[in-house]
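Remarks on the structure that follows.
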Amino acid sequence: MPITICEHPIIQQKISELRNTNNTARTVRELVDSITRLMLYKVTSDLTLQPTATPQTSPVGTYTGLELSTKVALIPILRSGLAMLPAASDLLHEAEIRHLGLFREESTLQPVEYYNKLPRTCSVDECVVLDPMVATGGTAEAAIEILKHWGVQRIKFVAICVSRKGVEMLVRKYPDVEFFVGVIDEVLDARGFVSPGIGDCGDRLNSTA
């Protein structure tokens, strides 16, 4: 299956810290940021390079510079995906940033789209979707459908914590999408909550619980 679990010990330690219900919003933001930075090392490992148009100069000579040739769009899912964006944009500072606003309606657990300003024509080679949590998978499914309709050829979905049921549903439906996750939790209850999970990340990030 196209799922990469980022099993680095430091990532796993930080996810364990992130789960703690006693964290302040500041701590949650810091942990989400640092986990994202570590995960993106793997996410970006297959980006392609090209030589720069002009020779570069070091303190002792000239050399052929390198730059990324893959055109990337970062797609944070509002609102919790915004916490992953600084880490991603620091690493991919030339990437386009395109926001999608989606939330899960509490009674039906169905995704609701409320913000989408994608341009008419897709101008990138791949999209990196940023969302800390995948529970039922409905919001992720909606985001993927939007991006496929936009015309992007490659989608990478980055999530810190996912439910097994949710991510396996997504993989079955979208075998061409690559999923990079920090941890897979087994329990998804009838209310759509993952256990032990990381809680409502949007609320924890913004002190609105």
Side-chain angles (χ1 to χ4, degrees), residues 1-43 75-88 100-112 128-144 155-174 177-209:
M1 294 188 298
I3 303 175
T4 299
I5 303 174
C6 300
E7 296 179 317
H8 192 287
I10 295 177
I11 294 176
Q12 296 305 310
Q13 175 190 348
K14 288 182 176 293
I15 291 173
S16 178
E17 295 172 2
L18 179 61
R19 294 189 193 274
N20 193 318
T21 191
N22 295 317
N23 288 330
T24 64
R26 177 178 177 177
T27 299
V28 172
R29 288 192 292 268
E30 290 172 348
L31 286 167
V32 168
D33 183 88
S34 59
I35 293 167
T36 303
R37 289 177 192 275
L38 292 166
M39 290 180 66
L40 283 169
Y41 178 82
K42 183 65 175 178
V43 175
I75 315 288
I77 305 299
L78 304 177
R79 58 181 170 163
S80 57
L82 288 175
M84 303 172 75
L85 182 59
L100 289 179
L102 295 159
F103 71 90
R104 187 176 67 174
E105 204 283 322
E106 290 185 5
S107 60
T108 66
L109 303 183
Q110 295 302 305
V112 178
V128 177
V129 184
L130 305 169
D131 197 359
M133 169 64 81
V134 172
T136 64
T139 299
E141 180 181 5
I144 292 168
I155 299 172
K156 297 175 179 176
F157 199 105
V158 186
I160 293 171
C161 179
V162 302
S163 76
R164 183 170 299 280
K165 182 178 180 180
V167 76
E168 289 185 350
M169 177 276 290
L170 291 168
V171 167
R172 286 193 300 271
K173 188 164 186 177
Y174 304 107
V177 174
E178 299 161 78
F179 295 91
F180 296 82
V181 306
V183 67
I184 299 176
D185 284 349
E186 299 295 333
V187 178
L188 178 67
D189 67 21
R191 300 177 299 161
F193 289 107
V194 181
S195 181
I198 56 175
D200 185 319
C201 210
D203 282 344
R204 296 185 74 204
L205 288 161
N206 295 285
S207 293
T208 53

Exercise for the section: List the steps and the verdict of side chain to side chain contact (heavy atoms under 4.5 Å, CB included) for Ile3 and Val167. Expected result: CA-CA 8 Å; Ile3 303 175; Val167 76; 4.0 Å; yes

Handout entry: Evaluation steps, side chain to side chain contact (heavy atoms under 4.5 Å, CB included), between Ile77 and Val129
Key = CA-CA 7 Å; Ile77 305 299; Val129 184; 3.9 Å; yes

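- Side-chain atoms of Asp189 come within 3.5 Å of backbone atoms of Arg191 as a donor-acceptor pair (strictly under, hydrogens ignored).
- Rounded to the nearest 0.5 angstrom, Met169 CE and Thr136 OG1 are separated by 6.5 Å.
- The side chain to side chain contact (heavy atoms under 4.5 Å, CB included) with Ser80 is formed by just one residue from the set Leu205, Leu130, Ile160, Val32; it is Leu205.
- The stretch residues 21-32 participates, sequence neighbours left out, in these salt bridge (charged side-chain N to carboxylate O under 4.0 Å, His left out) pairs: Arg26-Glu30.
- Considering every non-hydrogen atom in both Val28 and Asn23, the closest pair reads CG2-CB, 3.8 Å.
- Shown here for Gly182 and Ile5, the closest heavy-atom pair between the two residues is O-CG2, 3.8 Å.
- Considering every non-hydrogen atom in both Val158 and Met39, the closest pair reads CG1-CE, 3.9 Å.
- Applying the side chain to side chain donor-acceptor pair (under 3.5 Å) test to Glu7 and every residue at least two apart in sequence or in another chain returns nothing.
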Handout entry: Criterion side chain to side chain contact (heavy atoms under 4.5 Å, CB included) on Leu170 and Phe157, from CA distance to verdict
Key = CA-CA 10 Å; Leu170 291 168; Phe157 199 105; 5.9 Å; no

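- With rounding to the nearest 0.5 angstrom, the CD1 atom of Ile144 is 12.0 Å from the CD1 atom of Ile75.
- The minimum heavy-atom distance between Pro196 and Arg19, with the atom names listed, is CG-NH1, 3.2 Å.
- With values rounded to the nearest 0.5 angstrom, Cys201 atom SG is found 4.0 Å from Ile198 atom CD1.
- Closest approach of Ser34 and Lys14 over heavy atoms only: OG-CD, 3.4 Å.
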Handout entry: Met84/Asp33 under side chain to side chain contact (heavy atoms under 4.5 Å, CB included): CA gap, chis, key distance, verdict
Key = CA-CA 6 Å; Met84 303 172 75; Asp33 183 88; over 6 Å; no

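- Between Arg204 and Asn20, the shortest heavy-atom distance links the atoms NH2-O, 2.6 Å.
- The shortest distance between side-chain heavy atoms of Thr4 and Lys42 falls below 4.5 Å.
- With rounding to the nearest 0.5 angstrom, the CD1 atom of Ile10 is 12.5 Å from the CD1 atom of Ile15.
- Using a 3.5 Å distance cut-off with no hydrogens or angles, the side chains of Asp185 and Ser163 do not pair a donor with an acceptor.
- Between the OG1 atom of Thr27 and the CG atom of Leu31 there is a distance of 6.5 Å, given to the nearest 0.5 Å.
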Problem - Glu178 and Lys156: CA distance, side-chain angles, deciding distance, salt bridge (Lys or Arg N to Asp or Glu O under 4.0 Å) verdict - result: CA-CA 5 Å; Glu178 299 161 78; Lys156 297 175 179 176; 5.2 Å; no

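- Cys6 is not listed as a side-chain neighbour of Leu38, based on a closest heavy-atom distance of 4.5 Å or more.
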Practice task
May I have the step-by-step check of salt bridge (Lys or Arg N to Asp or Glu O under 4.0 Å) for Arg79 and Asp131, ending in yes or no?
Solution key: CA-CA 9 Å; Arg79 58 181 170 163; Asp131 197 359; over 6 Å; no

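- Between Val187 and Val194 the shortest side-chain heavy-atom distance does not fall below 4.5 Å.
- Rounding to the nearest 0.5 Å places CD of Glu141 at 11.5 Å from CG of Leu102.
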